[in-house]
4 protein chains.
Amino acid sequence: MIKAGIVGGTGYTGVELLRLLATHPEVSVSCITSRSEAGLPVADLYPNLRGHYDLAFSEPDADMLKACDVVFFATPHGVAMRMAPELIAAGVRVVDLSADFRLKDLEVWANWYGMPHESAEWADKAVYGLPEVARDAIREAQLVANPGCYPTAIQLGFLPLVENDLVDPARLIADAKSGASGAGRQGKVGMLHGEVGESFKAYGASGHRHLPEIRQGLSEAAGVSVGVTFVPHLVPMIRGIEATLYAELKDPTDFGRLQDLFEDRFRNEPFVDVMPQGSHPETRSVRGANHCRMALHRQEDSNIVIVSSVIDNLVKGAAGQAVQNMNIMFGLTETQGLDAPAFLP
Amino acid sequence: MIKAGIVGGTGYTGVELLRLLATHPEVSVSCITSRSEAGLPVADLYPNLRGHYDLAFSEPDADMLKACDVVFFATPHGVAMRMAPELIAAGVRVVDLSADFRLKDLEVWANWYGMPHESAEWADKAVYGLPEVARDAIREAQLVANPGCYPTAIQLGFLPLVENDLVDPARLIADAKSGASGAGRQGKVGMLHGEVGESFKAYGASGHRHLPEIRQGLSEAAGVSVGVTFVPHLVPMIRGIEATLYAELKDPTDFGRLQDLFEDRFRNEPFVDVMPQGSHPETRSVRGANHCRMALHRQEDSNIVIVSSVIDNLVKGAAGQAVQNMNIMFGLTETQGLDAPAFLP
Amino acid sequence: MIKAGIVGGTGYTGVELLRLLATHPEVSVSCITSRSEAGLPVADLYPNLRGHYDLAFSEPDADMLKACDVVFFATPHGVAMRMAPELIAAGVRVVDLSADFRLKDLEVWANWYGMPHESAEWADKAVYGLPEVARDAIREAQLVANPGCYPTAIQLGFLPLVENDLVDPARLIADAKSGASGAGRQGKVGMLHGEVGESFKAYGASGHRHLPEIRQGLSEAAGVSVGVTFVPHLVPMIRGIEATLYAELKDPTDFGRLQDLFEDRFRNEPFVDVMPQGSHPETRSVRGANHCRMALHRQEDSNIVIVSSVIDNLVKGAAGQAVQNMNIMFGLTETQGLDAPAFLP
Amino acid sequence: MIKAGIVGGTGYTGVELLRLLATHPEVSVSCITSRSEAGLPVADLYPNLRGHYDLAFSEPDADMLKACDVVFFATPHGVAMRMAPELIAAGVRVVDLSADFRLKDLEVWANWYGMPHESAEWADKAVYGLPEVARDAIREAQLVANPGCYPTAIQLGFLPLVENDLVDPARLIADAKSGASGAGRQGKVGMLHGEVGESFKAYGASGHRHLPEIRQGLSEAAGVSVGVTFVPHLVPMIRGIEATLYAELKDPTDFGRLQDLFEDRFRNEPFVDVMPQGSHPETRSVRGANHCRMALHRQEDSNIVIVSSVIDNLVKGAAGQAVQNMNIMFGLTETQGLDAPAFLP
């Protein structure tokens, strides 16, 4: 059994890791830390885990964490970059669900996250953990930077287009929508049910932290620097991201072969589902599951290709992808612990 | 008092008309028709109207409707084009909330609505009732084609850009999201709470009936034929539309003067609110009210201008705009019956 | 015009007072205070009020408030009992929406609210503002204690039964359910959308602050001390309370005359609607309106009478009832500012 | 591998059976029938099952069903009573999720379901499948009548009280609340998102089909005929039932030992969780899981004991309990296929 530790386990990604790992046949969670809730049984905070875990939250303790095979960071940014290097040095493999190691340009990182980066070495060595792009590197990685939720849905949908140089790389638009769990479990007025319920809005429309991450990934896939406009929105639901992607075909006659191209690109990917052209993926079709489902559209004879891509922000957009990465890192079957169908209705 | 009739009053636009007209000081509703519910008091179907209306639904009766000063059609498409001409001939002024008279090109109409149009004369004479564009014509109109919900939110947001030739008219993108009441009050499985709740999806992404209406309105405003991509989405809430609009500035340095331009364009419009640049309009800020609120965004030095525009689909997107049009047609103060603040939280 | 002030206007009852008073023909809001938001225009916090109010939040200032004809307290408990007496002394009439003056027994008050009461004089003189019970006293009152939301829905439903000594006063059960806005607008983790959405639970089942208020009101109506069990629940919606009330008929044959009894009791009440027996009042039928709707049920030959009673917790359960009380106090028509239909769908 | 068939698989209990059985290590679904959708792949109707099932819906075919080891009926009432006897005769074991075999008194059944019962023999022989009461009989049963959703939550909560003769059996009150999936997947106007969202109401308050089922089960447990008042309510959420139960203690001093009594009663039950006294079980704590969680309350010195009991109506209230019953019938570990934690948030 792989011994796993979780740092910062009181948030939604923490509980989702616990939910997924509860049925993982090769992993046992040996510790979960939280400064604020140290001593509290996890099942007292999250009653869905009653009967599944005897574990209590503990103060973060380096020795305890070093005794793990793998440690997940489910912390706000700024924590993993300080704690992970010491654990890695002790032989622990790390999956960081925060943003600390996602960007290679540390000036950009510092601008968006409002603090200097403290581990240039590991920002450089970290593997950006999108398995559909970097599976081989993940296998060997000591530190995996687990992608953000929006960047996962958006990159997967654009990948076949930019990898094959089919669209104008300067004119990518990603209009994305997320459930409220993406904002975490802090007591912010703006995220109250009374504020979020029965309303819809854009936010971060002038610039959002996931923009440089999306740009970095797509530029690498395209081989040129891409121009991408990204507007996130808040949906009055708990889980799920839908991204509607717009790109301009260099040659509009290419549209006819896109469906095959997408299906080929993801044929061997256990968690990417290209639906029949003209389908409309629903976020509930992936709720609780690690899948990304997508479908292609075009309007009349337009040269705009439209991709609708959905994930569960807490699963493929966070904890599920982290488990997938762990599976790859430890040579397990990639789908272990991730094989239950999504939850509908 | 203006005597108003409503044809087809059992749907959500019907009950919303009744709600708004209940407090209108110059109008009294003298009849409301429904074949299926004839005889039923409206307050039995809509208990929020208990104590406000003694009226019962009646069979559609031409004489009764001809005795009205104004008749609202809140019917499926295909009804108004058959019934309205006779009423107009009898001197009744008509506001059609359905799609029957919105498109000038009747071949396009027939393609999207699946039946031939039966009143070429009135399709031609009808005034497209977007007061911010056609107030003077509405004042004199015998027949007003009340705009669709998406087209209202989208046209208002694009108008200042296309009227002033500031953006590439071939590259307009409108990513729009609507609450479930937009689908009406038919018992369709796909609109059950169990299907719509806690999920988000695009629909009609390969083509939606509102696309030609949007194209017609923006082309007229632009003075050239525009290319617009329009993707609607279904939000797990009841009311509200948000449209995020993307357009490419011909001269990126123009962005700095757009805020003033938008404010000037709508300065005298009682129901369009240009919020400070960088704001994020929420649909709840217009819930129950006839306002469209919008705000401008740009990401870094991009040449893409982003407009977020919100309305209540049942008010400014249907019944409220119909009352606004009636106010204009009858020389009333344009805001009468429409002056209550939106409903928040 | 009556000059109104609002103390503590940033919460949901504050914005609801502003919404209702915006269309009240006899009242103008001259000041609204908030320590935390002093200086901020109310329309910046509540964009639904853009165009309706130029007012900004101000520091609470005694002179400013003394210049008002009426002051509403929309504050946490403990504020009004300290500030109201000075205003009353200056001739201002006060409607307190908090719990400070609702209970006559100040020991009970101190136990439930965790602090000693500081104005025994005004706790005694205050009129409990349920107009359906105390209209005449309200008319003359200098200080009205506006009832709690649950107590309003529950007392109104039980009143005809206990006033007429028809049920066992020791065996009253009130199972009540409320939308999330009842918990206010504080940034509490437990009230996040991610916590409240798609879930339902009881809370305060071992005892809730509204229990002594309900008991006091019903005991007075019954003329004997009543035994009432009250369990509140949290519904994943924003507004609305439904209370299902259970009482044991002393004489089961009385059930047949209850409908008439209820209708007679409330015949002249503008805001209480006794629906036909067997109806199921929906909270949305009163959303945004000041009405309480109720209906009676019995199962087979049971001697249990069931009353289902609904209100909007922010209107008849708070701001609307406060406006109703103000209307009574100032000799206005009782329905002024409160005559718009509820908001459905 | 046990070969399972599902009759009537297009509804919510059908898809939930498929979801649960997808990961069950001892069962494979060999056929699923639907007259209306025959020929359609199940994954086309339920995209969450893409990649999990190759199966298509088929016309109900007796030979195909007779080749199964177990057949689940997820049909409207009236179907199983006609089809099940023939399957049983062929050696198939049946779990009926409909109401056909739940009531022993067939006159009562006929009254509530509006048709005569057609299989008195199997109504008599069927085992009412509440494992916490009838595990041994279920083990041997050829036909299990899977309990209704409300009756499951309500009986489990009352059981320890009535089995031990601690409460007045004539005065049981069950105030229960359910998500919208309980109404099934028919296109009824009343279950549209626009009707159910943001509203709460009682329904069936004068009598509901689950009342005789609750009465039958509790009377058997009590050894005397019980009097129970049951009012269901509709919650604007998809899944989950909460039942708040009120009973009058014969001896109020007994309250102190109830917590131990409840814990003892359910100590060996894998799916019943007695939470610490004073807890408030949330429906989300059992969402997607087969658990019933409950907690006890008392208000001050009242002699009313309050039990709050929650289940997922589609799992412990339908498909999960059916799988649990199948596990028992076939000598499997009772928790197989049912061991994933609930889904929170």
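In what follows, chains carry the letters A, B, and so on, assigned in the order in which the sequence lines appear, proteins first and then strands, with residues in each chain numbered from 1. Values below: all heavy atoms of this structure, side chains included; hydrogens, waters and symmetry mates excluded.
Across all their heavy atoms, A:Ile306 and B:Ala205 have their closest contact at CD1-O, 3.7 Å. Taking both residues in full, the closest heavy atoms of B:His233 and A:Thr244 are given as NE2-OG1, 2.7 Å, listed atom of the first, atom of the second, then distance. Here the closest non-hydrogen pair linking A:Ser302 and B:Thr229 is OG-OG1, 4.2 Å.
Residue A:Ile304 touches chain B through its side chain alone, counting heavy-atom pairs closer than 4.5 Å. A:Val286 does not touch chain B: none of its heavy atoms, backbone or side chain, sits under 4.5 Å away. Residue A:Arg171 touches chain B through its side chain alone, counting heavy-atom pairs closer than 4.5 Å. Only the side chain of B:Val235 comes within contact range of chain A, with at least one heavy atom under 4.5 Å from a heavy atom of that chain. Contacts of B:Leu211 with chain A are made by side-chain atoms alone, with heavy-atom separations under 4.5 Å and no backbone atom involved.
Each of A:Glu242, A:Lys177, A:Glu282 was compared with B:Lys201 under the side chain to side chain contact (heavy atoms under 4.5 Å, CB included) criterion, and only A:Glu282 meets it. The side-chain hydrogen bond (donor to acceptor under 3.5 Å, both in side chains) test with A:Ser206 is passed by exactly one of B:His280, B:Gln277, B:His297, B:Glu300: B:His297.
Highest contact tally toward chain A, considering only B:Pro236, B:Pro345, B:Ser308, B:Gly207, is held by B:Pro236 [criterion: heavy-atom pairs under 4.5 Å].
Atom CD of A:Glu263 is surrounded by more than 12 heavy atoms from other residues, nucleotides or ligands within 6.0 Å. In the displayed structure, A:Asp251 atom CG is contacted under 6.0 Å by more than 12 heavy atoms of other residues, nucleotides or ligands.
Taking the charged nitrogens against the carboxylate oxygens, A:Glu195 and B:Arg284 do have a contact shorter than 4.0 Å, which makes a salt bridge.
When side chains are defined from C-beta on, B:Gln299 does not count as touching A:His208, because their heavy atoms never get closer than 4.5 Å.
In this structure, B:Tyr246 and A:Tyr246 have tilted ring planes: the angle between them lies in the 30° to 60° band.
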